[in-house]
Amino acid sequence: MPGLPVVFSAMAAVSPTLEARTVPRWVRSTLWFLLIVAVLVLVWEAYKFIWTQLEWTWPVRPINRSMPHTWDIVSAMFRPARRGGEDILLVILAEAALFTLREAVLGFVIGGVFGFLLAVVFVRSPLAERSLMPYVVASQTVPIIAVAPMVVLWAGRNDWPQWVAVAFIASYLTFFPVTINTLRGLQSPDPTATELMRSYAARPGQVLRKLQVPAALPYIFTALKISATASVIGSIIGELPAGFPDGLGRVLLNFASTFSTSPEKLFATVFMSAVAGIVFVAAVSLAERVVVRSRPEVFAGDMLTPDEGRAG
Amino acid sequence: MSAVEIRGVGKTFGRGAGVVEALQNINLSIETGEFVSLIGPSGCGKSTLLRLVGDLLAPSTGTLTVGGKTPHAAREDRDYGMVFQKATLLDWRTVRRNVELPLEIMGIDGEERQSRAAEMLALVGLSEFAGHYPWQLSGGMQQRVAIARALSFEPSLLLMDEPFGALDEMTREAMQDELLRIWERTKRTVIFVTHSIPEAVFLSQRVAVMSRRPGRISRVVDVGLPYPRDEDTREDQGFYDKITEVREALREHE
Ligand SMILES: Nc1ncnc2c1ncn2[C@@H]1O[C@H](COP(=O)(O)OP(=O)(O)OP(=O)(O)O)[C@@H](O)[C@H]1O
Ligand SMILES: [Mg+2]
């Protein structure tokens, strides 16, 4: 997945302790990212070339109608999306991605807050956890594609903007990882730490604020990164039954129907969806670096690389 | 009035076939300002007894009072300072903020908190490390922070469960010296659990020797060596005699 290097470079950029060596870490991470993109392009083109030469057809025929050249995908982005249209594809895709990201961010926030509160209820009341957890798990096995039209309809009757309805659909996917991980994190403090709090006669709210929530933060951010990608997917799926033309969902549907004639447009849209997810995850990772400070991973900066170990 | 009164206390864990009688008929009274150690073989119920005093567990039989109050009331009054074998510092807080933690919980305002934390860190010789994080300290330094934290709110009773158990011999002796120095300055009542006979004898006025299964106090040895105790005490014949006395008391009841 090409997203990780971006995330890492974003993380390194705000971590001053890490770049001891001459090349800043974020430069190295960016170079790695570009290298991986180059390798992926190379593999794609090599596949096309070799399979064409040897006349292989399995698993995918290397014809341009199913596997367009990478440069065709790129150049398609800079041509008008429709005959006689004004905007180039890239602009249309960027606007669609921003629209979808807006839904995703709202869905992420709604799901994150709800998921966190649910975890707090569960950690405070084992009875609530035992009786409600099965429903929480079951909620995730209901296909979101079935939930989406209901939410859209319900929001329409209540005069809510449709993008808000889509955000709620996205939040349906995002609260679950947050609940599960936060619960784990709230339960993570050492029993002796809990006993210490008890010996100070701390109230439950104080134990939560001063011990459990800080201990849960790394767990919560792990969940938020999962939720960030899930909220983009949830928004795209949520847009389909809504049927409005603005988001990535509609664009994907349109270009899927013209795939046989111009496949590069669908690939470009897929690429843009991935970029939207990567940007979102990178933003969450950045927030993590700011909020969760002074964790042992900072040691990574002090550790010898294998090369240095041999030299010294 | 004695600081701690333990009367006929027993503690049984579990029920049915898995029942464990951890403590049976424990009687002990500890004077205000006294330093008492609990020593005994592993599993004899030292930690359990300490946790009963600290209201982290409820006794199955008998009664405990702490300064004339129930352990629960004493805990609500913040009478206990606890130190465990693990320092259990919060690794997202600096050393200073770790020491301030109980003060924050007790609603003491910022300025007062800072000055008390500074005072406590000076007491344990860690002023320079106030801004460090726990994982930047050695095990012995972390344990000193834990002691500073336990003393920060001036509890009347210090409960220490093998606080130096994870330290090497050199650090351990240095920590013992430091603890005695602090004790003589602050005159807190201390109940100190340990596995080490020399440690118990060096620190305490009295050593309660416990025997195993079900845990009982088999003997209370009066140490009677004068304070301040220092390196000379460690080489004193009286010190060795007391060590022998405690060792024999432990063996008698094996
Ligand atoms: N929460 C518990 N549930 C069940 N049994 C327990 C519990 N806590 C302690 N016990 C049992 O009580 C007995 C005494 O345990 P305790 O921890 O007090 O011993 P200890 O003297 O502190 O031992 P050590 O020196 O190894 O720390 C043991 O047999 C132990 O198995
Ligand atoms: Mg113990």
Side-chain angles (χ1 to χ4, degrees), chain A residues 11 14-18 20 116 123-124 181-182 184-224 287-303, chain B residues 47 50-51 53-58 66 71-95 97-108 131-137 145-146 149-150 152-155 157-163 166:
Chain A
M11 279 158 50
V14 289
S15 167
T17 51
L18 292 182
F116 177 83
V123 82
R124 294 282 287 276
N181 276 282
T182 305
R184 196 74 194 286
L186 293 175
Q187 291 166 338
S188 70
D190 198 289
T192 47
T194 310
E195 290 193 328
L196 267 181
M197 296 303 269
R198 187 177 151 85
S199 79
Y200 306 145
R203 281 175 277 107
Q206 291 178 315
V207 179
L208 195 69
R209 264 181 298 127
K210 306 233 180 254
L211 177 64
Q212 292 179 298
V213 170
L217 279 179
Y219 295 79
I220 293 174
F221 273 101
T222 302
L224 291 183
E288 180 180 25
R289 295 303 297 183
V290 174
V291 174
V292 186
R293 285 162 310 145
S294 63
R295 296 248 138 214
E297 60 245 30
V298 180
F299 283 139
D302 300 331
M303 251 189 299
Chain B
S47 299
L50 205 70
R51 293 149 65 87
V53 175
D55 190 43
L56 298 175
L57 285 174
V66 176
H72 180 79
R75 185 169 61 80
E76 292 290 327
D77 289 348
R78 276 91 186 225
D79 283 345
Y80 301 120
M82 296 199 175
V83 184
F84 301 103
Q85 181 167 356
K86 268 198 286 181
T88 323
L89 304 176
L90 306 184
D91 68 2
W92 55 87
R93 283 176 170 246
T94 59
V95 164
R97 301 245 306 130
N98 264 286
V99 175
E100 285 182 19
L101 174 72
L103 304 172
E104 272 174 39
I105 285 168
M106 294 164 197
I108 290 163
H132 283 59
Y133 283 91
W135 40 267
Q136 295 172 314
L137 306 183
V145 177
R149 178 179 60 187
S152 65
F153 54 99
E154 306 190 335
L157 179 59
L158 266 185
L159 302 176
M160 309 182 89
D161 193 349
E162 298 185 48

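Each chain gets a letter, A, B and so on, in the order its sequence line appears, and its residues count up from 1.
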Colleague: Closest heavy-atom contact between A/A201 and B/R78?
Modeller: O-NH2, 3.3 Å
Colleague: Would you compute the distance between atom CE of B/M82 and atom OG1 of A/T192 and round it to the nearest 0.5 angstrom?
Modeller: 11.5 Å
Colleague: Please classify the contact between B/D77 and chain A as side chain, backbone, both or neither, with a heavy-atom cut-off of under 4.5 Å.
Modeller: neither
Colleague: I need the B/L89 CG to A/D190 CG distance, nearest 0.5 Å.
Modeller: 11.0 Å
Colleague: Using the side-chain contact (heavy atoms from CB on, under 4.5 Å) rule, take B/R149 and A/Y200 through it: C-alpha gap first, then chi angles, then the decisive distance, then the call.
Modeller: CA-CA 11 Å; B/R149 178 179 60 187; A/Y200 306 145; 3.3 Å; yes
Colleague: Which pair of heavy atoms, one from B/R75 and one from A/S199, lies closest together, and at what distance?
Modeller: CG-O, 3.9 Å
Colleague: Name the one of B/I105, B/L101, B/L90 that satisfies side-chain contact (heavy atoms from CB on, under 4.5 Å) with A/L211?
Modeller: B/L90
Colleague: Do you know which of A/R198, A/Q206, A/R203 has the most heavy-atom pairs under 4.5 Å to chain B?
Modeller: A/R198
Colleague: Could you check B/T88 against A/E195 for side-chain contact (heavy atoms from CB on, under 4.5 Å), going step by step and ending with a plain yes or no?
Modeller: CA-CA 10 Å; B/T88 323; A/E195 290 193 328; over 6 Å; no
